Structures are given as C-alpha cells and as structure tokens.
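Since the structure comes first, as structure tokens, the remarks are kept for the end.
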2 protein chains.
Amino acid sequence: MTGASIDLGQVHDAAAARLRVADQRYTSGRRELVELLASTGRPATIPDLLEARPKLTQSSVYRNLAMLEEVGVVQKVVSSDDRARFELAEDLMGHHHHLICVSCGRVDDFVVSSRAERSIETVLGNAISDTGFRASGHRLDVVGTCADCN
Amino acid sequence: MTGASIDLGQVHDAAAARLRVADQRYTSGRRELVELLASTGRPATIPDLLEARPKLTQSSVYRNLAMLEEVGVVQKVVSSDDRARFELAEDLMGHHHHLICVSCGRVDDFVVSSRAERSIETVLGNAISDTGFRASGHRLDVVGTCADCN
DNA sequence: GCTCGGAATGGGAACAGTTCTCGTTGGGCG
DNA sequence: CGCCCAACGAGAACTGTTCCCATTCCGAGC
C-alpha cells in the first residue's frame with residue numbers, strides 16, 4: 001500500500017543540494033534524520049527518532065528538522081495528539097494523504113489515483129477562486145481509528 | 001461565502017442536551033463559548049475568545065472547551081501555528097473545509113458542493129478499504145497564503 | 001599535516017501553551 | 001434555608017519546543 005520505495009541516493013542528493021543553496025552542510029546528524037524519515041514510511045515524532053538513533057540528541061534533532069524544513073527537505077505534519085511529526089517533503093516522497101487515528105495519534109500514509117487527485121484539485125480551485133487565498137497545496141486526511149485501536 | 005447562518009437556539013438546545021447526557025450543566029461560561037463559536041464563522045484560538053469576552057478566565061475556557069469537545073459540541077482544529085483553534089462540531093456547523101494560511105496561521109471556512117463531497121468520500125473509501133482503518137470523517141484543508149498575507 | 005574560522009553540536013535553561021490543583025463560589029434540590 | 005457538589009478562578013505545575021553558549025567538528029588555506 002505504501003507507494004514504491006524511493007531512491008535513497010536521490011533523496012540524499014536533493015537534500016545536500018537544497019542545504020547547499022542555503023549555505024548549510026549536510027552533516028551526519030542531518031543525513032541520519034533524512035535516512036530515518038525515508039525508511040519509516042510514516043510521519044515520525046521526535047521521540048520516535050531519538051529512540052531509533054539514540055546517538056542523536058534532542059536539541060540537534062529539533063534544530064536540524066527545523067533547518068531541513070526551511071530548505072524544503074522535510075515537512076511537519078500535525079495529528080490529533082500534541083507532538084509534531086515529520087516526513088520527507090512531498091516532492092521527495094510523492095504526494096500522499098494521511099490516516100489519522102484519533103485514539104492513539106498514529107499517522108499512516110496512503111495514496112489515491114492521480115485522476116482522483118486532479119478532480120479534487122479542480123473542486124478546490126473552484127471553491128476558493130473568489131476568496132483571495134493563494135493555494136499552494138492541500139491536505140486530505142482521513143480521521144478515524146486504526147486497526148490496532150479497533 | 002460562509003454558509004447560511006445557523007440557528008443559535010437550536011445550537012444551544014443541542015449543547016444543553018449533550019451536556020446533560022454527561023451529567024454536566026450548561027453554565028453561562030459554556031453558553032458564552034458556544035455563542036462566540038457560533039458567531040465567529042472561523043475557528044477561534046483561546047486568546048481570541050478571551051479577548052472577545054474578557055469576563056471569561058483562561059483556565060475555565062480551557063476546561064470548558066475540553067468538556068464541550070468531550071460531549072461533541074465543539075472540535076479542535078489544528079493549523080500551522082501552535083495554538084489550538086476551536087469551532088462548533090460538524091453536525092452543528094455543517095460539513096466544511098478550511099483555508100489555512102501558512103504565513104499567519106489564520107483559518108477560514110469554505111464549503112464545496114455536496115456532489116463533490118460524495119465523490120471525495122467515494123475516492124477515500126476505495127483507497128482505505130484494505131487498511132483496517134475505520135474512517136469517521138475526513139479533513140480536506142487547503143494550505144497557502146491568505147489575502148492579507150498576500 | 002597543521003591551523004584557523006565559522007558552522008554544528010550537546011546539554012541544559014528558558015519559554016509558551018496547556019493542564020492540574022485547590023480553595024471558593026453558586027445553582028439546584030431537599 | 002441550608003446542604004451538596006459541580007463549576008469556577010488564580011496560580012502552580014507540566015510538556016513539548018526553542019534558545020543559549022561553551023565545546024567540537026569540518027573544511028579551506030597554508
């Protein structure tokens with residue numbers, strides 16, 4: 001169900017390039033974060049990341065995620081609990097949506113057909129055309145309870 | 001653009017009834033919150049509410065919003081900034097979507113045609129049918145920059 | 001290979017939003 | 001009229017996140 005796995009080398013190259021534009025280095029800590037997020041297949045919380053790589057420290061993870069978000073390598077995802085979650089940016093991961101469990105806060109990815117995406121875009125474009133709002137994208141999340149929470 | 005205004009009396013009746021089921025009173029503070037949320041037409045932050053009704057106190061607003069959420073009268077909305085926003089529950093407000101400004105965090109409501117809603121529901125139903133996830137609804141938000149933020 | 005300068009790091013303090021605590025208030029019922 | 005307990009108000013406590021600063025690391029130039 002989770003889309004075809006992505007090319008890690010390509011992701012690293014893109015991350016390095018985007019950081020370089022901002023005069024930032026692609027350090028080992030940042031590389032680890034990107035690698036983790038690329039392999040998880042689901043938005044991760046900071047505790048998730050710290051647990052997966054105990055060598056990482058909290059303040060650096062926060063700082064590096066903020067930097068990676070700023071240069072467009074990762075993006076923040078909000079769920080129903082109060083921890084931020086992070087995933088690779090859409091242009092690295094592919095456009096997708098989230099299943100948000102209101103019971104445990106877990107977030108999973110899913111995709112819909114590109115035809116369905118186009119019709120959603122059209123509907124949204126019509127709906128907001130007279131609001132002065134400039135859309136940069138959409139978030140279509142399904143809320144409910146995950147299989148584990150039954 | 002904001003849908004037809006809702007029947008305030010009906011909202012109060014529903015709120016009172018849902019609280020009563022949970023052995024809770026519909027106190028003046030709670031009534032004020034419901035009234036504010038019904039009149040705002042856009043999800044409100046706690047500071048918004050405190051400013052609109054200086055008589056309300058912060059701790060009571062938090063406590064009462066939590067209670068009203070628990071009995072299904074209001075719901076929490078997350079935006080891009082880190083303040084929670086609240087609006088009346090969907091069955092009191094009508095189903096709608098949000099325009100989320102990534103620059104200032106402001107959130108506005110908009111609606112799409114019921115035909116479009118049905119097709120979205122169908123698409124989502126197909127996409128998650130084999131995940132074990134039980135959907136209770138969806139959130140379709142448009143992110144971008146509002147007219148004020150240009 | 002060595003040194004220097006600036007970027008990144010790590011640990012902890014500071015901060016903001018939210019939740020909890022507890023003594024007080026007040027509405028409803030006997 | 002008085003009792004009881006839910007709700008209130010003020011502030012303390014808590015939690016996730018951000019900031020600070022001394023130390024470490026990396027890369028460029030010698």
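To find a chain, count down the sequence lines: A is the first, B the second, and so on, and within it residues start at 1. Because the structure is a prediction, the values reported are computed rather than measured. Heavy atoms only: backbone and side chains are in, while hydrogens, waters and symmetry mates are out.
- Using modelled atom types, one finds no donor on one side chain facing an acceptor on the other under 3.5 Å when comparing A:Asn126 with A:Ser129.
- For DNA chain C, the residues of residues 66-90 of chain B within the heavy-atom distance limit of 4.0 Å (strictly under) are B:Asp82, B:Arg83, B:Ala84, sorted by number.
- To the nearest 0.5 Å, the span separating CZ on A:Arg85 from CD1 on A:Ile46 amounts to 10.0 Å.
- Grouped with A:Val21 in a hydrophobic cluster is no other residue, since no side-chain heavy-atom contact under 4.5 Å to another Ile, Leu, Val, Met, Phe, Trp or Tyr is found.
- If you run side-chain contact (heavy atoms from CB on, under 4.5 Å) between B:Leu33 and each of B:Leu65, B:Val74, B:Val73, only B:Leu65 comes through.
- Residues passing the ring pair (Phe, Tyr, Trp, His ring centres under 6.0 Å) test with B:Tyr26, sequence neighbours excluded: B:His12.
- To the nearest 0.5 angstrom, B:Arg134 atom CZ is 14.0 Å from A:Leu99 atom CG.
- For DNA chain D, the outermost nucleotides in 5' to 3' order that have an atom under 4.0 Å from a heavy atom of chain B are D:dA6 to D:dG11.
- Residue B:Leu37 holds its CG atom at 8.0 Å from CG of B:Leu68, rounded to the nearest 0.5 Å.
- Residue B:Val77 shares its hydrophobic cluster (ILVMFWY side chains chained together at separations under 4.5 Å) with no other residue.
- Residues of residues 42-64 of chain A having a heavy atom closer than 4.0 Å to DNA chain D, listed by number: A:Gln58, A:Ser59, A:Tyr62.
- Taking every heavy atom of residues 16-26 of chain B and every atom of DNA chain D, pairs under 4.0 Å involve B:Gln24, B:Arg25, by number.
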Check residues 52-62 of chain B and write down every donor-acceptor pair under 3.5 Å in which the side-chain atom is one partner and the other belongs to a residue at least two apart or another chain.
| residue | atom | partner | partner atom | Å |
| --- | --- | --- | --- | --- |
| B:Arg53 | NE | B:Glu32 | OE1 | 2.6 |
| B:Thr57 | OG1 | B:Ser60 | OG | 3.2 |

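- The environment of A:Arg18 atom CZ is dense: over 12 non-hydrogen atoms of other residues, nucleotides or ligands sit within 6.0 angstrom.
- With sequence neighbours excluded, the residues satisfying ring pair (Phe, Tyr, Trp, His ring centres under 6.0 Å) with B:His97 are B:His95, B:Phe110, B:His138.
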Report, one line per pair, each donor and acceptor closer than 3.5 Å where one atom sits in a side chain of residues 139-148 of chain B; sequence neighbours left out.
| residue | atom | partner | partner atom | Å |
| --- | --- | --- | --- | --- |
| B:Arg139 | NH2 | A:Asp141 | OD2 | 3.3 |
| B:Asp141 | OD2 | A:Arg139 | NH2 | 3.3 |
| B:Thr145 | OG1 | B:Asn150 | O | 2.9 |

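- A donor-acceptor contact shorter than 3.5 Å is absent between the side chain of A:Asp13 and the backbone of A:Gln10.
- Separating the OG atom in A:Ser114 from the CD atom in A:Glu117 is a distance of 8.0 Å, to the nearest 0.5 Å.
- Hydrophobic cluster of B:Val78: the remaining members, joined at side-chain heavy-atom separations below 4.5 Å, are A:Val78, listed by chain and number.
- On the nucleic acid side, DNA chain C contacts chain B at distances under 4.0 Å to non-hydrogen atoms, with the end points of that region at C:dG17 to C:dC20.
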